[in-house]
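Nothing fancy with the numbering, it's 1 onward along the sequence.
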Amino acid sequence: MKYKTLRSVVRFLMKIIADIEINGIEKLPEGNVIIAANHLGRLDTAVLLCILEREDLIMPVAEKYKHHPLYGAIGRAANAIWLNRFDADYSAFRQILERMKQGGLLVIAPEGTRSKTEALQEGKMGVAFLASKSGYPVLPVAVTGTEDRGILENLKHFRRSKITATAADLLHIDIPKGAGREGAMRRATDEIMCQIGALLPEKYRGVYANHPRLKELLKN
C-alpha cells in the first residue's frame, strides 16, 4: 500500500475514534528536523500521521511490529527502519544517519518504548546523539490521551478519545567532542524530556516530575 493511501485510511479511522487537538504546529519548520515525542500508547504513530503532511519521514519502528497487520503496514509504507529496542542497535542507527544525510523528518520517541506507567520514563540518549551527529534541530512534542487503557475503555463505551499534541520550541543540540561528551548528551536528553514534561499535565511527568530543569521551565 502506498504511504498516501495508508495515511488517508489512518486519518479516516482516527476521526471516528478520536478528537485530536494540535497546538504549536507552526513551530514545525520545513526542511530537516527531529520530532521527539513521549510514547504513551499504540496510537501515538497514528496521531503523528494525522498531523504531518510531509512524506519524507524517517521512522524507526520496533522490530516486533514488522509483521503486525497495521503497524507493519504503516512501517513498510513509510519505509521504516526496524529497530531492536532492547540492545544498542548500531546497524539501525547507521541506517538512520544515512537517511538523515539525504534530508527529511525523523520521528522518534526518546523513551524507546511505551510507558507502562502512563507517564514519562527516562529518555535514552539516542535522540541527542542523532541530533548532534546530523545537525538536525529537535522539536519536542507532548502527547496526551493515547494511553492504550483509556482508548480501549472509550471504544467499549462508544466514546471518542480526546487526544492532544503540543509542540515546544525548537532546540539545537551541540555536543562537544572528547571528555564530558556522555554527560553533555545526558543533559541534552534531559532538556528534551523536560521540555516535553513542561507541556504535560502533572500526572504525566513521571520520572521527571522533580527534575530541577522541569521545575525551572514550569516557573517561566
Side-chain angles (χ1 to χ4, degrees), residues 3 6-25 27-28 33-54 57-66 68-83 85 92 96 105-124 126-127 130 138-155 160-168 189 192-193 195-201 203-208:
Y3 175 71
L6 184 66
R7 186 176 63 189
S8 296
V9 171
V10 169
R11 288 178 173 181
F12 173 76
L13 293 174
M14 289 297 287
K15 281 183 180 179
I16 295 172
I17 68 174
D19 175 25
I20 302 175
E21 178 184 328
I22 305 167
N23 302 300
I25 190 66
K27 296 177 181 179
L28 177 64
V33 64
I34 299 171
I35 289 182
N38 58 313
H39 196 1
L40 286 173
R42 290 183 175 87
L43 285 187
D44 291 341
T45 301
V47 171
L48 289 170
L49 291 182
C50 290
I51 296 169
L52 301 174
E53 295 297 334
R54 293 173 57 168
L57 298 185
I58 306 166
M59 187 183 296
V61 178
E63 200 170 50
K64 72 173 187 175
Y65 291 120
K66 196 169 186 177
H68 189 279
L70 176 59
Y71 297 107
I74 291 174
R76 288 188 293 276
N79 194 20
I81 296 167
W82 304 104
L83 180 70
R85 299 170 302 150
I96 293 169
L105 190 160
L106 173 63
V107 179
I108 193 167
E111 297 159 288
T113 186
R114 281 176 294 125
S115 174
K116 292 182 174 61
T117 64
E118 300 181 352
L120 288 179
Q121 308 170 97
E122 185 178 35
K124 297 179 180 178
V127 175
L130 291 169
V138 178
L139 186 71
V141 173
V143 179
T144 65
T146 56
E147 304 93 314
D148 292 343
R149 178 183 55 82
I151 295 290
L152 288 172
E153 187 66 21
N154 285 335
L155 285 173
R160 297 175 80 208
S161 296
K162 173 67 175 179
I163 296 172
T164 66
T166 306
T189 301
I192 293 166
M193 297 305 297
Q195 290 284 347
I196 293 171
L199 297 173
L200 292 170
K203 70 174 185 176
Y204 286 102
R205 293 174 189 154
V207 300
Y208 291 92

Under the 3.5 angstrom rule, does the side chain of [X] hit a backbone N or O of [Y] as a donor-acceptor pair?
X	Y	value
Asn38	Val143	yes
Tyr208	Gly123	yes
Arg205	Gly197	yes
Asn154	Ile151	no
Glu111	Gln121	yes

Between [X] and [Y], which heavy-atom pair has the shortest distance, and what is it?
X	Y	result
Tyr65	Trp82	C-CZ3, 3.9 Å
Gly24	Ala167	O-CB, 3.5 Å
Met14	Val47	CE-CG2, 3.9 Å
Leu83	Pro60	CD2-CB, 4.2 Å
Gly145	Ser161	O-CB, 4.4 Å
Ile196	Ala36	CD1-O, 3.5 Å

Quick check: do [X] and [Y] have side-chain heavy atoms less than 4.5 Å from each other?
X	Y	result
Arg54	Val33	yes
Tyr204	Leu199	no
Thr45	Val10	no
Val207	Met193	no
Met59	Leu48	no

Approximate separation, where rounding is to 0.5 Å, of [X] [atom1] and [Y] [atom2]:
X	Y	atom1	atom2	value
Asp148	Arg42	CG	CZ	4.5 Å
Thr189	Glu122	OG1	CD	9.0 Å
Leu155	Ile17	CG	CD1	5.5 Å
Leu120	Leu40	CG	CG	8.0 Å
Arg114	Glu147	CZ	CD	12.0 Å
Lys64	Thr113	NZ	OG1	6.0 Å

Step-by-step side-chain contact (heavy atoms from CB on, under 4.5 Å) determination, Leu49 to Leu57:
CA-CA 10 Å; Leu49 291 182; Leu57 298 185; 4.2 Å; yes

So does Lys15 have more than 12 non-hydrogen atoms from other groups sitting under 6.0 Å from NZ?
no

With Leu106, which of Val138, Leu130, Ile35 fulfils side chain to side chain contact (heavy atoms under 4.5 Å, CB included)?
Leu130

Under a 4.0 Å threshold between the charged nitrogen and the carboxylate oxygen, would Glu53 count as salt-bridged to Arg11?
yes

